[in-house]
Amino acid sequence: MHRRIIAPGALAAATVLLAIPASAAGFSPGAPGIGDPYYPDYGNGGYDVSHYDLRLKYQPATDELEGTATLLARTTEDLSRFDLDFLLDVDEVRVNGSRAAFRTSGEHELEITPKSPLRKGSDVTVVVRYRGVPSQKQAYGFTSWHRTPDGGVGANEPEAAWWWFPSNDHPLDKATYDVSVLVPDGTQAISNGRLRSTSSRLGWTRWNWRSDRPQATYLATLAVGKFDITTGTTDSGIPVVNAYSKDLGENYGAARASVERSGEIADWLVEYFGPYPYDALGGYVPNTDTGYALETQTRPFYSPRQFANGSNTSVVVHELAHQWYGDLVSVAGWKDIWINEGFARYAQWLWSEHEGEGTAREIADYVYASHGADDPFWTVKPGDPGPENQFHLAVYDRGALALQALRDEIGDEAFFAVLKGWPQRYAYGNATVADFVAYAQEVSGQRLDALFDTWLFQPGKPAAPAARAASVARAAGAPVQPRSWRSIAATNGVHAH
């Protein structure tokens, strides 16, 4: 569940910070985008990052952030220069220990020219020293940094990193992370992975977090504020860390009653998706005024608004399902968003069945009957919705209907084998909708191209499957709302701007 943005437009004029020497013959600049057609300027070409070491200092009272980011990377072509995606003010850049020239360009590009060109296949260490006030920075007319009464939060999709660390910001370039944050005593810093240590000195406390499994940049998060922190372990032994802003007010109880069930829900999801893929788990609820939730790896972000009407485990199911579908296996391109959102939505339907509040079949019939043939809902193609519809309701609900149609077609045994096997096939990597179609055909032994084309790519309401025609027809006349529908529908609007 995410906030929608407008696709980037033309780049702004460049601001030169340092003079850039001419590149050596035979070397060329890395591309300012990784090649995603939805977001041409997101990510960068010419290198792959393996690790981010972020050493930060944050002042909640003023929203001032200072940082030293060390990136370990390997070049994939001969480079005269390369880009990072970043917005804050840069003081210095070093490449392999030597001072490098740099300048900003466009909305969020940091162009770096090393002292010596970089050969393809070279290991590269990039150090960026920077400072700034994240809440004062915008790109394309918006910010992904949330100012709170007692601090700030970096969490958004498809971009959030630019406001707090320089990166190659696209899911194709995953890396491991060490995030070390110095904050005033009495303030907490929350990030991904496991908390390795804390230490205090002279009125400041340093929080050291580590994510030791590959992680996409938009799934990295930072939250600073005054939190109540709870700890525990799942039945399977995974350590759990949850955090709740101390000023959530009337939403505090419902938030805690929901997120504290993360361990239970994760253990339940293992039955469908296979082993939990990380060594940490949890969630956090800061006092933001936004409405969406986000599957930040190992520790999802939830807005207080998710719990305004009481506890909602359905949204927790959704974000934890993403730990497999979206985090463990990430999109190869943003057009493949269905393999994130359709599956996380279907997990909510399975949870409803588990809780005895309506089966997945009943919910599918209700959703199908609730949208007439002339409803624009059916014009959105979940398999390639376009950047303007990337988080449209149809990607979620029509996307989940596609999975129910697959289940009807191949039967429960093959269907659940697909659900569990897919995350293992592409673990810690990236995949496309086409990859999923091929995998489902492989496991089921059936040709499924027509089924997926109908449900994911055709701009119209599919005919009801013959085996379900009678049930769907009855639902179309007088759809019966499943008991779980209100909690599921409560997550519908959170991807709206």
Side-chain angles (χ1 to χ4, degrees), residues 51-72 86-94 125-137 143-155 160-167 175-212 215 217 220-231 239-248 280 282-288 296-299 301:
H51 184 72
Y52 292 91
D53 182 275
L54 308 177
R55 194 165 181 86
L56 311 173
K57 181 179 181 180
Y58 181 75
Q59 178 53 264
T62 59
D63 197 39
E64 294 176 278
L65 178 68
E66 299 175 36
T68 299
T70 302
L71 285 66
L72 306 182
F86 196 46
L87 288 175
L88 298 186
D89 302 323
V90 175
D91 297 324
E92 181 184 64
V93 177
R94 289 182 177 269
T125 300
V126 182
V127 177
V128 182
R129 292 185 174 88
Y130 57 93
R131 67 184 63 243
V133 179
S135 59
Q136 293 181 1
K137 298 293 185 179
T143 178
S144 287
W145 183 262
H146 312 289
R147 190 76 165 103
T148 64
D150 53 13
V153 178
W162 314 340
W163 284 263
W164 65 285
F165 69 97
S167 68
T176 56
Y177 286 74
D178 282 309
V179 178
S180 177
V181 190
L182 190 65
V183 295
D185 286 348
T187 297
Q188 291 77 39
I190 308 299
S191 192
N192 312 82
R194 299 186 73 166
L195 180 63
R196 294 291 178 167
S197 64
T198 60
S199 60
S200 297
R201 183 173 180 270
L202 301 177
W204 292 80
T205 301
R206 183 168 290 281
W207 297 70
N208 297 299
W209 297 87
R210 173 168 290 175
S211 293
D212 60 0
Q215 176 176 287
T217 44
T221 192
L222 174 65
V224 178
K226 296 183 183 298
F227 292 96
D228 289 328
I229 296 177
T230 67
T231 61
V240 182
V241 176
N242 297 321
Y244 310 91
S245 176
K246 291 178 180 292
D247 57 0
L248 291 179
Y284 74 96
V285 190
N287 188 22
T288 63
T296 40
Q297 191 160 305
T298 71
R299 191 150 293 107
F301 159 88

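Note that these values count all heavy atoms, side chains included, but never hydrogens, waters or copies made by symmetry. Keep in mind that this is a model prediction, so the values were computed, not measured.
- E66 contributes atom CD, which lies 11.5 Å from atom CG of L88 (distance to the nearest 0.5 angstrom).
- For the atom pair OG (S191) and CZ (R299), the distance works out to 8.0 Å, reported to the nearest 0.5 Å.
- Here the closest non-hydrogen pair linking F301 and T288 is CZ-OG1, 3.9 Å.
- The shortest side-chain heavy-atom distance between V241 and Y284 does not fall under the 4.5 Å cut-off.
- Across all non-hydrogen atoms, the minimal contact from A160 to S144 is CA-CB, 3.9 Å.
- Defined by atom type and a distance below 3.5 Å, a donor-acceptor pair is missing between the side-chain atoms of D212 and T176.
- In this structure, the side chains of F165 and T68 stay at 4.5 Å or more apart for every pair of heavy atoms.
- In this view, K246 and D228 satisfy the salt bridge (charged side-chain N to carboxylate O under 4.0 Å, His left out) rule, not counting sequence neighbours.
- In this structure, Y130 and F86 have perpendicular ring planes: the angle between them is above 60°, well past the 30° mark.
- The residue from N287, D247, T148, T187 that alone fulfils the side-chain contact (heavy atoms from CB on, under 4.5 Å) condition with K226 is T187.
- Closest of all the heavy-atom pairs between S211 and G193 is OG-N, 3.5 Å.
- Looking only at side-chain heavy atoms (C-beta outward), I229 and N242 stay at 4.5 Å or farther from each other.
- Distance CZ/R196 to CH2/W207: 15.5 Å, rounded to 0.5 Å.
- Closest approach of D63 and R147 over heavy atoms only: CB-NE, 3.3 Å.
- Side-chain contact annotation: D53 with Y177, donor-acceptor N/O pair under 3.5 Å absent.
- Atom NZ of K57 is separated from atom OG of S180 by 12.5 Å, given to the nearest 0.5 angstrom.
- Using a 4.5 Å cut-off on side-chain heavy atoms (C-beta onward), R55 and R129 make no contact.
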task: Take L222 and W145, measure what side chain to side chain contact (heavy atoms under 4.5 Å, CB included) needs, and give me the verdict at the end.
output: CA-CA 10 Å; L222 174 65; W145 183 262; 4.2 Å; yes

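- Taking both residues in full, the closest heavy atoms of P60 and G151 are given as CB-CA, 4.0 Å, listed atom of the first, atom of the second, then distance.
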- request: Kindly determine whether L72 and T125 satisfy side chain to side chain contact (heavy atoms under 4.5 Å, CB included), including the steps that lead there.
  value: CA-CA 5 Å; L72 306 182; T125 300; 3.7 Å; yes

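- Within the 4.5 Å cutoff, no side-chain heavy atoms of Y52 are placed close to those of D178.
- For the pair K137 and W163, the cation does not sit on the ring face, since its NZ or CZ is not both under 6.0 Å from the ring centre and inside 45° of the axis.
- A salt bridge does not link D89 to R131: none of the charged nitrogens lies less than 4.0 Å from a carboxylate oxygen.
- Annotation: side chain of V126 is not in contact with side chain of T70 (no heavy-atom distance under 4.5 Å).
- In this structure, W162 CH2 and T143 OG1 are separated by 10.5 Å, a value rounded to the nearest 0.5 Å.
- Considering CG of L195 and CG of N208, their distance stands at 7.5 Å, rounded to 0.5 Å.
- Considering only residues two or more places apart in sequence or on other chains, Q136 meets the side-chain contact (heavy atoms from CB on, under 4.5 Å) condition with V133.
- When all heavy atoms are compared, the tightest approach of G154 to T221 is O-OG1, 2.8 Å.
- In this structure P239 satisfies the side-chain contact (heavy atoms from CB on, under 4.5 Å) test together with R194, sequence neighbours excluded.
- Checked by atom type and distance alone, the side chain of H51 never pairs as donor or acceptor with a backbone atom of L71 at under 3.5 Å.
- The side-chain heavy atoms of Y58 and L182, taken from C-beta on, include no pair separated by under 4.5 Å.
- Inter-residue side-chain proximity for N192 and T296 is flagged as met; some heavy-atom pair is nearer than 4.5 Å.
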- request: Assess whether side chain to side chain contact (heavy atoms under 4.5 Å, CB included) is satisfied between L56 and W164, documenting all intermediate values.
  value: CA-CA 9 Å; L56 311 173; W164 65 285; 3.8 Å; yes

